[in-house]
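Notes follow the structure.
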Amino acid sequence: MSEIEPISAKTMELAGQIVEIARSENVRRGDRLYEHRLANRLGVSRGPVRAALRSLAQSGLAEAVPNKGFVLAQDLDSEIALRALRAGDTSEAAYLAIANDRLTGALPDTVSEAELMRRYDLKRAELLRLLDRIAAEGWVERLRGYGWKFTQTLNSPLAYAQTGRLRMMIEPGGILEPTFQWNAELMGPVREHQKRVQADGMRVFTLSEMFRFGCEVHEAIAECSGNAFLVETLRRINRVRRLFAYKFIPDLQMVEQHTHEHLQLLDLLEKGDRAEAAALMRSHLHWSGGGDQIA
């Protein structure tokens with residue numbers, strides 16, 4: 001009888017990300033989990049992905065099939081799949097704790113790595129991965145001499161309100177751009193994700209997944225605008241918004257309303273009714289002067 005292979009925190013994190021990707025792509029039991037595709041999506045080599053797939057096989061969620069690779073062995077809304085998501089959530093929990101402490105003023109503008117390691121019980125390698133991610137999102141930067149400095153882009157709920165008002169300025173305008181062109185291939189999976197949220201909502205999907213699906217709708221519409229500056233601006237805004245989104249727990253009615261409006265927007269744009277779509281986009285984004293949380 002073979003020993004159970006020990007699983008590192010990084011492997012658990014990758015396994016959770018694989019489950020998220022599979023859920024977003026509506027992978028079914030018996031479908032193949034393609035190692036090379038997952039490596040490309042996750043931005044890592046195939047070795048770590050293979051280790052993560054082996055960990056999923058140990059848990060019973062995946063199965064190694066000779067000459068085929070790994071296939072999904074259980075449904076992705078099963079308890080075993082949700083456990084894999086939670087087990088891979090260690091870095092996400094630390095990320096959210098740092099974001100919350102920064103928003104509430106518990107973290108100063110400048111911090112040392114030693115201080116963050118103690119505060120969040122992280123190893124240096126784990127912390128550096130986390131800080132690299134946060135730096136890529138634009139709200140912390142490494143100091144030349146020592147430590148890290150949080151930027152002023154995000155330090156109060158006022159910043160969230162400002163992101164919402166900026167979205168109301170640019171997103172309806174993007175729909176009315178002369179270069180706007182509907183992209184059916186791009187919008188196919190976007191619409192499918194919204195239909196799945198409409199059908200299953202908070203019963204099946206995590207807040208992280210619903211937020212990502214909401215951003216996906218808006219960013220895909222921005223891509224159709226043909227304005228690269230709008231797309232890049234919206235992506236940066238969404239990285240900032242994500243930090244605030246976790247501070248608001250949406251109720252089922254809010255999820256249903258946002259999802260319904262997302263599908264309405266897609267229907268109007270597919271028909272070519274851009275004027276009405278732009279008007280709907282503006283009302284969709286109007287939430288207490290600051291935009292919505294998960295759309």
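With hydrophobic clusters built from ILVMFWY side chains whose heavy atoms lie under 4.5 angstrom apart, L265 shares a cluster with W182. Hydrophobic clustering, with ILVMFWY side chains joined whenever heavy atoms are under 4.5 angstrom apart, groups I21 together with F70. Under a hydrophobic-cluster definition in which Ile, Leu, Val, Met, Phe, Trp and Tyr are linked whenever side-chain heavy atoms come within less than 4.5 Å, directly or via other members, V231 and F229 are assigned to different clusters. I237 and M210 are assigned to two separate hydrophobic clusters, defined by single-linkage of ILVMFWY side chains at heavy-atom distances under 4.5 Å. By the rule that hydrophobic residues join a cluster once side-chain heavy atoms approach within less than 4.5 Å of another member, M168 and I170 end up as members of separate clusters.
Heavy atoms of other residues, nucleotides or ligands lying less than 6.0 angstrom from CZ of R28 number 12 at most. For CD of E79, the number of neighbouring non-hydrogen atoms (other residues, nucleotides, ligands) closer than 6.0 Å is greater than 12.
For the side-chain contact (heavy atoms from CB on, under 4.5 Å) with L128, the qualifying choice from K123, M117, R142 is R142, the only one to do so. Checking Q194, H262, H193 one by one against E216, the side-chain hydrogen bond (donor to acceptor under 3.5 Å, both in side chains) holds for a single residue, H193. When each of E20, H36, E25 is checked for a side-chain hydrogen bond (donor to acceptor under 3.5 Å, both in side chains) with R41, only E25 meets the rule.
Nearest approach of A15 to S55, heavy atoms of both residues: CB-OG, 3.6 Å. Pairing each heavy atom of A220 with each of L186, the nearest pair is O-CD2, 3.7 Å. Minimum heavy-atom separation, F180 to I221: CE1-O, 3.7 Å. Heavy-atom minimum distance, P108 versus F150: O-CD1, 3.4 Å. Residues M187 and C224 share a closest heavy-atom pair of CE-SG, 3.7 Å. Heavy-atom minimum distance, V27 versus L72: O-CD2, 3.8 Å.
A distance of 8.5 Å separates CG in L96 from CG in N100, rounded to the nearest 0.5 Å. The distance from atom CG of D101 to atom CG of L107, rounded to the nearest 0.5 Å, is 5.0 Å. Residue I80 holds its CD1 atom at 11.0 Å from CG of D75, rounded to the nearest 0.5 Å. Rounding to the nearest 0.5 Å places CD of E113 at 6.0 Å from CG of L127. Between the OG1 atom of T259 and the CG atom of D200 there is a distance of 11.0 Å, given to the nearest 0.5 Å. Atom NZ of K195 sits about 14.5 Å away from atom CZ of F213, to the nearest 0.5 Å.
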**OP:** For the pair E177 and R274, evaluate salt bridge (charged side-chain N to carboxylate O under 4.0 Å, His left out) and give the outcome as yes or no after the intermediate values.
**Re:** CA-CA 10 Å; E177 281 281 86; R274 291 198 286 145; over 6 Å; no
**OP:** Apply the test side chain to side chain contact (heavy atoms under 4.5 Å, CB included) to residues L269 and I175: give CA-CA distance (whole Å), side-chain angles for both, the deciding distance (0.1 Å), then the verdict.
**Re:** CA-CA 8 Å; L269 291 169; I175 290 172; 3.7 Å; yes
Subject >> CA sep, side-chain torsions, deciding dist, call: D267, R191, side chain to side chain contact (heavy atoms under 4.5 Å, CB included) >> reply: CA-CA 9 Å; D267 288 342; R191 191 193 297 272; 2.7 Å; yes
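The shortest distance between side-chain heavy atoms of L42 and L14 falls below 4.5 Å. Side-chain contact between T110 and E115 is absent, with no heavy-atom pair separated by less than 4.5 Å. Looking at R119 and V111, their side chains never come closer than 4.5 Å, going by heavy atoms from C-beta outward. A heavy-atom distance below 4.5 Å is found between the side chains of I98 and Y120. Side-chain atoms of I18 and L53, non-hydrogen and from C-beta on, do get closer than 4.5 Å to each other. When side chains are defined from C-beta on, L33 does not count as touching V71, because their heavy atoms never get closer than 4.5 Å. N26 places a side-chain heavy atom less than 4.5 Å from the side chain of R196.
The aromatic rings of H218 and H284 lie parallel to each other, their planes meeting at an angle below 30°, with 60° marking the opposite boundary.
For the pair E63 and R29, the salt-bridge criterion is not met [side-chain N within less than 4.0 Å of a carboxylate O]. The existence of a salt bridge linking K271 and E276 is excluded, since no basic side-chain nitrogen approaches an acidic carboxylate oxygen closer than 4.0 Å. A salt bridge links D109 to R102: at least one charged side-chain nitrogen sits closer than 4.0 Å to a carboxylate oxygen. R212 and E219 are not joined by a salt bridge, as no carboxylate oxygen comes within less than 4.0 angstrom of a charged side-chain nitrogen.
Annotation: salt bridge (Lys or Arg N to Asp or Glu O under 4.0 Å) contacts of R37 (sequence neighbours excluded): none. Listed by chain and residue number, E35 satisfy the salt bridge (Lys or Arg N to Asp or Glu O under 4.0 Å) test with R46 (two or more places apart in sequence, or in another chain).
One N or O on the side chain of R32 and one on the backbone of K68 form a donor-acceptor pair closer than 3.5 Å. Between the side chain of S59 and the backbone N or O of L56, at least one donor-acceptor pair lies under 3.5 Å.
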